[in-house]
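All values below come from the heavy atoms of this structure, side chains included, with hydrogens, waters and symmetry mates left out. Chain identifiers are assigned alphabetically (A, B, ...) following the order of the sequence lines, protein sequences preceding nucleic acid strands; residue numbering begins at 1 within each chain.
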Number of protein chains: 2
Amino acid sequence: MDRLLTLIVDDHPIVVEGLKTLLKNEQNLKIVASFHNGTDLLAYIETNRVDLVLLDVTLPDINGMDLCQIIKKTSLSTIILILSNHTERSIIMQTIQNGASGYLLKNSSLDELRKCISESVQGNICYSREVMEIISRPGRNELRSTPQLTRREKQILSLLAQGKTSQVIADELFLSPLTVDTHRRNLLQKFEVKNVAELITTAHQQKIL
Amino acid sequence: MDRLLTLIVDDHPIVVEGLKTLLKNEQNLKIVASFHNGTDLLAYIETNRVDLVLLDVTLPDINGMDLCQIIKKTSLSTIILILSNHTERSIIMQTIQNGASGYLLKNSSLDELRKCISESVQGNICYSREVMEIISRPGRNELRSTPQLTRREKQILSLLAQGKTSQVIADELFLSPLTVDTHRRNLLQKFEVKNVAELITTAHQQKIL
DNA sequence: TTTTTTCTACTGGTTTTTAGGTATTTTCTG
DNA sequence: CAGAAAATACCTAAAAACCAGTAGAAAAAA
């Protein structure tokens with residue numbers, strides 16, 4: 001079997017160099033080129049055979065998730081391994097859905113990288129240990145779904161986050177402080193939290209603030 | 001002049017390899033060791049001379065911001081260059097405040113890295129181009145600098161963010177609730193905020209939580 | 001070892017939040 | 001238009017937070 005013609009795509013020169021060094025002595029693959037953006041990669045793949053792509057998610061032009069799809073459309077037989085720092089479950093799932101054969105965090109060991117490469121050329125999907133864990137647990141904060149807030153509630157949430165009291169908010173919005181209290185209470189209930197401190201933490205975790 | 005005895009501290013094996021490769025041919029420095037966490041670094045630095053540390057911010061045990069301070073306390077003459085992906089102004093400023101001599105993003109070129117090393121050994125502070133831009137635009141609410149927190153204060157801040165009351169925190173830490181109240185009050189004062197809600201928002205903006 | 005900082009704890013008092021409800025009016029939507 | 005959802009407003013009472021000041025013990029730094 002020929003050596004795998006391999007591309008590296010990452011916008012960090014340091015990472016590219018690291019990968020080159022780490023894979024230099026691998027017998028079964030040959031690094032033919034490296035790019036720091038998606039456009040150059042696509043241009044190359046149009047006219048050259050490529051067996052394996054080591055792909056970052058964060059690139060200056062096109063994101064890795066979308067790139068997966070385009071690569072697979074151009075060259076179905078090319079195998080894609082994602083190398084990324086993103087630990088969000090949603091991102092991982094999306095890359096796999098778009099045709100990637102594996103997902104490794106950049107702090108993976110060389111052994112894991114080797115294993116994933118050999119697994120993926122055999123047609124399997126392979127994750128590094130840490131990624132495996134992320135996938136298997138349905139995520140703490142992703143368990144409770146983000147509650148649906150009304151316009152007023154969003155408004156008051158943001159004012160509460162600024163440390164304003166019910167009285168101040170009431171003055172600002174021309175409401176009774178008692179009304180603000182009610183909204184505040186509903187917010188606590190919707191988020192299933194005990195007080196405003198926890199409310200704000202939770203809202204931050206869910207990217208609402 | 002002797003070659004600079006240099007350490008690499010990063011939890012990404014790929015990045016470490018990349019840096020080694022990139023710096024292998026530098027005449028003026030010699031990489032003496034590399035670590036993937038803060039504890040090992042501190043152990044090494046206790047008993048060995050180190051001229052330069054290339055340091056990541058995200059590490060599994062101690063964060064790079066705190067590490068700066070500890071390194072400088074142990075060995076004042078050691079120069080620290082931060083190599084990170086974080087683009088938040090507050091993080092950059094904090095590392096510098098804690099004694100770092102420069103800050104580079106991981107997508108910096110080798111030229112920038114070389115330049116920053118030579119600048120910093122001359123006692124100057126040096127940022128990569130992109131970092132420079134981040135610093136120069138004085139972010140909206142980040143004008144007030146991040147206050148220096150004690151260990152207890154950090155601990156209580158995080159418990160407050162979980163929505164716990166003084167009483168609960170006191171029970172958890174085996175303290176008088178009155179003591180917890182005092183810490184809480186000091187936190188409000190240090191952050192110049194009115195209540196815990198605003199405290200948590202501010203702490204989040206400054207990436208302390 | 002002396003000084004400084006941090007951690008601890010208290011008194012006493014005011015303000016605000018939180019927890020149960022209930023109820024009317026406005027606004028949106030089928 | 002009718003019904004649902006949202007916004008408005010109130011009551012009572014307990015719990016918690018906030019304000020201002022003090023001060024000894026422990027730990028860290030000079």
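- If you take CD1 of B/I169 and C1' of D/dA17, they are 12 Å apart, rounded to a whole angstrom.
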Return a single string for nucleotides 10-19 of chain C, one symbol per nucleotide in 5' to 3' order, where B is base contact, S is sugar-phosphate-only contact and - is none, cutoff 4.0 angstrom on heavy atoms. BB----SSBB
Hey, mind stepping through A/D181 and A/R184 against side-chain contact (heavy atoms from CB on, under 4.5 Å) and telling me if it holds? CA-CA 5 Å; A/D181 264 352; A/R184 171 217 237 52; 4.2 Å; yes
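- The distance from atom NE2 of A/H183 to atom P of D/dA9 is 8 Å, rounded to the nearest whole Å.
- Side-chain contact of A/H86 with A/T58: a donor-acceptor pair under 3.5 Å is present, judged by distance alone.
- Put simply, CG on A/N186 is 11 Å from C1' on D/dT8, counting in whole angstrom units.
- For A/Q189 and D/dA6, the CD to C1' distance is 15 Å, given to the nearest whole Å.
- Using a distance-only test at 3.5 Å, with no hydrogens or angles considered, a donor-acceptor pair links the side chain of A/N98 to the main chain of A/M65.
- For the pair B/K72 NZ and D/dA29 C1', the computed distance is 19 Å after rounding to whole Å.
- Contact annotation: the side chain of B/N48 never approaches that of B/V32 to less than 4.5 Å [non-hydrogen atoms, C-beta and beyond].
- A straight line from CD of B/E153 to P of C/dC7 spans 6 Å, rounded to a whole angstrom.
- Straight-line distance from the CD1 atom of B/I70 to the P atom of D/dA29: 11 Å, rounded to whole Å.
- Donor-acceptor pairing under 3.5 Å is recorded for the side chains of B/H12 and A/N85.
- With rounding to the nearest 0.5 angstrom, the CD1 atom of B/I134 is 4.5 Å from the CD1 atom of B/I92.
- Look at CG on B/L149: it is 16 Å from P on C/dT5, rounded to the nearest Å.
- Contact annotation: A/T150 reaches the phosphate of D/dA7 (side-chain N/O to OP1 or OP2, under 4.0 Å).
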